[in-house]
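Have a look at the structure below before the remarks.
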Amino acid sequence: MTKYLVLIYEDEAQYATATPEVYGEIMADHDRFSAGVEQHGAKLLGGEALEPTATATSVRGGEVTDGPFVETKEALGGYYVIDAPDLDTAIAVARTVPARFGGVEVRPVMTFD
């Protein structure tokens, strides 16, 4: 099994204007996702939602600035860590991650011996 990081990139503005009902639907979608990961032969190891990019602090070359490195329409909003037998399985799991206002990126976690 290999660990994969599933990064969730979405449009923060959509969340800022979402109704409580939409927000509740999204949370329910994440609960269903979490409950369904093992159906793909993978295991959910963890995950977290991130505060909006306005709360980010960047450090580059010793310089500290407010905000994320790059301003884009879609920002990193959260992640899941899964353990999957291969990339195809990780992608199958990633396709079920709720990302109503964007998409996800799957990256294997590097292992060091």
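Remember, it's a predicted structure, so these values are computed and weren't measured experimentally. These values consider heavy atoms only, across backbone and side chains, with no hydrogens, waters or symmetry-generated copies.
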Contacts of type side chain to side chain donor-acceptor pair (under 3.5 Å), residue Thr19, not counting sequence neighbours: Glu21
Do any side-chain atoms of residues 4-13 form donor-acceptor pairs under 3.5 angstrom with protein atoms, and if so which ones, sequence neighbours left out?
| residue | atom | partner | partner atom | Å |
| --- | --- | --- | --- | --- |
| Tyr4 | OH | Leu87 | N | 3.1 |
| Glu10 | OE1 | Tyr15 | OH | 2.8 |
| Glu10 | OE2 | Tyr15 | OH | 3.4 |
| Glu10 | OE2 | Arg100 | N | 3.0 |
| Glu10 | OE2 | Phe101 | N | 3.0 |
| Asp11 | OD1 | Ala13 | N | 3.0 |
| Glu12 | OE1 | Thr53 | OG1 | 2.8 |
| Glu12 | OE2 | Thr53 | N | 2.7 |
| Glu12 | OE2 | Thr53 | OG1 | 3.4 |

Residues forming a side chain to side chain donor-acceptor pair (under 3.5 Å) with Asp31, sequence neighbours excluded: none
Hydrophobic cluster identity match, Val81 and Val93, side-chain contacts under 4.5 Å: no
Identify all side-chain donor-acceptor contacts of residues 40-51 below 3.5 Å with residues at least two apart in sequence or on another chain.
none

4.5 Å side-chain heavy-atom contact, Tyr79 and Val104: no
Rounded distance [0.5 Å steps], OG1 in Thr2 versus CD1 in Ile82: 10.0 Å
Please tabulate, for the side chains in residues 105-113, all donor-acceptor contacts under 3.5 angstrom to protein atoms that are two or more places apart in sequence or on a different chain.
none

Salt bridge (Lys or Arg N to Asp or Glu O under 4.0 Å) partners of residues 73-96, not counting sequence neighbours, each pair once: none
